[in-house]
Amino acid sequence: MKIDRRSFLALVGGGAVGTALTPLPIKLTDDISIWSQSFRGLPNEVPVPADGAASYHPSVCTLCPGGCGISVRKIDDRAVKVEGAAGFPVNNGGVCALGLSGLQLLYGPWRVQAPKKKENGTWKTISWSQAMTEIADKLNKLRQAGRAHAIAGIARTEAGTVPSLLKRLLTACGSNQFFAMPAVDDTFRTAAAQMRGNAAAVGFDFENSSFVLSLSAGLLDGWGAPVRMIAAHSQWRNTGAKLVQVEPRLSNTAAKADQWVAINPGTEGILVLGLAHVIVRDGLYDRAVTQNSESFDALKALLKKDYAPGAVAKATGIGEPVIEQLAKDFAMAANPVAVCGRGSGREPAPVKEVMAVLALNALVGSINRRGGVFTSSPLDYIQWEQPVLDDMATKGLKKSAIDGLHKLPEALNKANVPSIEALIVAEANPVYGSHDAGAMKAAFEQIPLVISLSAYMDETAALADYVLPLHNNLERLEDVPVSAGLKTPVVGLAQPVVKPQLDTMHPGDAILKLASEMGGSVSESFKWRDYKECLKSTFGDDWRALAKDGYIQKTLFGETMDAERLSKRIDFGPLLKSRGAMSEVPGDKNQYPLVLVGYDTMRIAAEWIGTPPFALKTVSDMVIKDDDIFVEVNPATARTLGLKTGKAATLETPAGKARVRVNLSDGIVPGVVAMAKGFGHTAYDRYIAKKGVNTNTLIGPVEDAVSGQDVAWGIRAQLKNA
Amino acid sequence: MSEFDDKSVDVSTERDVSADSDGDGVKADNGGLAMLLSFIIGLVAALIIGWGVFPALLYSEKEQPVQFNHDLHVNGEYMECESCHYFREDGTFAGVPTLNACIDCHEYPIGSSEAELNFVDNYMATGKEVPWRIYSKQPDCVFFSHAAHVVEAGMDCVACHGHVGTSTSLKPYEENRITGYSRDIWGKDLTGVFKKHPWDSMKMDDCARCHERETGSKGACFQCHK
């Protein structure tokens, strides 16, 4: 018998047939498929949280200004799920996609692990005590050199104990240069102060409205407290309340509204006064307004002269009959309310526009009425003694400060003597989040000492000289003041749900430690042992209620809603006197024939944090595909420019230039280019960075004539085939 | 005619030529026999490997860290399954008990059996949880709810787990070397043909069969795979 090639093939053939007659192939395939779910035994084995009894820990989410109450489920020491806290006044059990993804921010690789110092362009890990000693020493040297006023600070918000501690540190050092990232609440407060005589938080009683007129407010795209707005929308479906969305783009809100009125971007204020014209002309206004208001006759004259439907139609691009009908529907509704604040409503709006909206609400009697606009005094529970000032501080405080954060690049680039020599940034990301982010970045690079207090390696931290890593929002105790368009503002209490995972510190403790390290009067200005003591003493008798319930609603502070605040009194004078055009878009119209607007969606975190990958995965391929960002353009506009869907194009504005891809959509008015906000990060890690374009690099700041704030919402642009 | 066709003609011609040149019939038979034998050897070897060697190699036998006598507790002490394998207040199923469930009786050794001393000395005294190997643990991609089956559908433990409650010792845990899960999931019987009891195996098909019988539908993917 000869064993040749044929016999060998027969052996193999027999083996193959035999194997097929055993369970081996199917069993092995099954086992390998199960193994590949975890890669057990390999270095990249997928971690699986332990099984066990669940425990729930209350806190407040601080990933957006909405301040929802959350309940975090833990198995052993591991947080495994973020849920909404039932009964919490903001969200009553609901939670949004970003809040749900919060665990990725806690356990993600973009956390800063330990204090870092930049030496010759590379990061070096140092100890907390070394970091504090070195920073304190540098700040003290500035003070001793009579440059105390050149120490500046930027916080994410103005409200709350942590930003107040930073502000206090600067004051104690001798500097007025405290900045908060600009916020829409400032605009509302300014408008209310001028028209009603007292600075007030402005809230909306959406739950009881019967007709909601939204002026580009993305009520279902992250506006105010997003979970509350989604719930309010569900309620409108049940009560039959009508939502009219006036917006240049078919946003989620517009798609879910009863009526979408497409408007030329930036002309919302003109439309509001056009509606007011019809309401006054036809006598549809609340008669009480004639007694409650000042300058009503002057307003009437202005409306009659400048805001007739014909002129308004021309400016806004909305047909006259639509304007007439909308005005009548609004005025005849039982509980109408008009609301503004573009997109997620976080960035400041032109004060004149907000005044026009308040005026329209006043004309139909919706100020301080069920379903309307409510004003209440700002939360003012922080009543600390004045800081101790030595000579250096007193002298420094006499020096002037840069007039607004958006002026920082200009001030630093032009001044002979740098107006900022040391900058402490607390959980803000101005290098990413400021308009004309490129200029802000260049300005930061000129500041000799930048200290970033941040849990994440964001764009601002990446540029800093020192990064002091902070406890993440789920690792710490903090007061969370929430106005966010709520009828009654709330202070929530964020509480640690897990132990700090890394070598981090509470921002409050970091500031206290720095002050103590600086010594002298700066140290004396901070009498608290630690942040917890500071927080408890700030709330005093209210602390027990806050700790027990997890929140305090404003009325608990002992403030009674006095008659003055509850009145419907309104002064139209400031609106009439306010300078500035209603619809100014920077840029030369001939060179830049289009208008670029940024838009918000709830799937993307457009502010100081990067969008967690869980949330990023839910974004459509027509918004971001691989690393390319899409801009929405009307087919009519695209035709004139020769653009096609999916094709690459170059988008250029006076502030910058970017490569984009084109998405043709009938859901955008002609002449406008819309781009999602929140992309184009350059820091964090490969899961978040280098995806798309940051709208802030393309849109430059626009200063409001009334408030002096940066109120840019768009810019002129041109789009060309790439 | 294409080049391909030309070649095929060439090949067939070659074959004819070689067949002709073979001539000798015995030689051809020898070649055929060798091939047949080789085939049979290959077949048998594969069958032996597939049915015998592979399963023996695939699983490694591991002893439980503590020998536990279910019968002694259930019949001797009149305990119920639920005494240790209970539902928590929030409705979730506790699964294998933690030391808390044992401490009332076993804080100190009862008797002096080897298993008892091992349990009390190595676990109860040190507070370290027993790393039980769970025969019925499903892969991590499977979300199984005891509440839905026991509380809602009223099934008893035996329906799926068999007569564990009357066993006097814990059998060795046969760990799948690839996946780490127990042999009990696929079942001892690799074909699944001779399955007698529901608890002989608990793969997806076993779930689907019962669901189809009891509810009229195999169920949707998302019911178990979330």
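Sequence lines set the chain letters: A, B, ... in the order given, protein chains first and strands last, and positions in each chain run from 1. Fair warning: this is a prediction, and the values are worked out from it, not measured in the lab.
Of the charged side-chain nitrogens involved, none lies within less than 4.0 Å of a carboxylate oxygen, so that D31(A) and R177(B) do not count as a salt-bridged pair. Contact check on R73(A) versus D90(B) returns no salt bridge, with no Lys/Arg side-chain nitrogen under 4.0 Å from an Asp/Glu carboxylate oxygen.
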Report task. Using the side-chain contact (heavy atoms from CB on, under 4.5 Å) rule, take F54(B) and T22(A) through it: C-alpha gap first, then chi angles, then the decisive distance, then the call. Result -> CA-CA 10 Å; F54(B) 167 65; T22(A) 70; over 6 Å; no

Query raised in the report: Run the side-chain contact (heavy atoms from CB on, under 4.5 Å) check on K137(B) and D51(A) step by step: do they pass?
Result: CA-CA 11 Å; K137(B) 185 164 179 65; D51(A) 277 342; 3.6 Å; yes

Report task. Show the numbers, then the answer: is there a side-chain contact (heavy atoms from CB on, under 4.5 Å) between I34(A) and Y181(B)? Result -> CA-CA 9 Å; I34(A) 292 172; Y181(B) 295 105; 3.7 Å; yes

Query raised in the report: Step by step, would you call L58(B) with K27(A) a side-chain contact (heavy atoms from CB on, under 4.5 Å)?
Result: CA-CA 10 Å; L58(B) 184 61; K27(A) 177 75 178 121; 3.7 Å; yes

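Residues M35(B) and A10(A) share a closest heavy-atom pair of O-CB, 3.3 Å. Residues K203(B) and D30(A) approach most closely at NZ-OD2, 2.6 Å, considering heavy atoms. The two residues G50(B) and P23(A) come nearest to each other via the heavy atoms O-CD, 4.1 Å. Shown here for G52(A) and R88(B), the closest heavy-atom pair between the two residues is C-NH2, 3.2 Å.
Of the possible donor and acceptor atoms, one in the side chain of W51(B) sits under 3.5 Å from a partner among the backbone N and O of L21(A).
With chain B as the partner, the residue from L24(A), I26(A), I32(A) showing the most heavy-atom pairs under 4.5 Å is L24(A). Contacts with chain B were tallied for A54(A), G18(A), A16(A); G18(A) has the most, counting heavy-atom pairs under 4.5 Å. Interface remark: of the candidates T191(B), D140(B), I40(B), I41(B), D140(B) forms the most heavy-atom pairs closer than 4.5 Å to chain A. Looking only at heavy-atom pairs under 4.5 Å with chain A, the residue among L36(B), T92(B), N176(B) that has the most is N176(B). Comparing A94(B), G180(B), G192(B), G95(B) by heavy-atom pairs within less than 4.5 Å of chain A, the highest count is held by G180(B).
Summarising the local packing, CE of M124(B) is surrounded by more than 12 heavy atoms from other residues, nucleotides or ligands at distances under 6.0 Å. For CZ of R6(A), the number of neighbouring non-hydrogen atoms (other residues, nucleotides, ligands) closer than 6.0 Å is 12 at most. Heavy atoms from other residues, nucleotides or ligands lying under 6.0 Å from NZ of K218(B) number 12 at most. Few gaps surround CD on E45(A); more than 12 heavy atoms of other groups in view lie less than 6.0 Å from it. More than 12 heavy atoms of other residues, nucleotides or ligands shown are found within 6.0 angstrom of CZ on R237(A). Heavy-atom neighbours of F144(B) CZ from other residues, nucleotides or ligands within 6.0 Å: above the threshold of 12. For Y687(A), the OH atom is loosely surrounded, since the number of other residues' heavy atoms within 6.0 Å does not exceed 12.
Rounding to the nearest 0.5 angstrom, the gap separating the OG atom in S7(A) from the CG atom in L33(B) is 9.5 Å.
Both the backbone and the side chain of T179(B) come within less than 4.5 Å of a heavy atom in chain A. For F93(B), no part sits under 4.5 Å from any heavy atom of chain A, backbone or side chain. Proximity to chain B involves both the backbone and the side chain of T19(A), based on heavy atoms less than 4.5 angstrom apart. In this structure, no portion of I48(B) lies under 4.5 Å from any heavy atom of chain A. When heavy atoms are compared at a cutoff of 4.5 Å, L190(B) approaches chain A by way of both its backbone and its side chain.
By a heavy-atom distance cut of under 4.5 Å, not one residue of residues 613-622 of chain A is near chain B.
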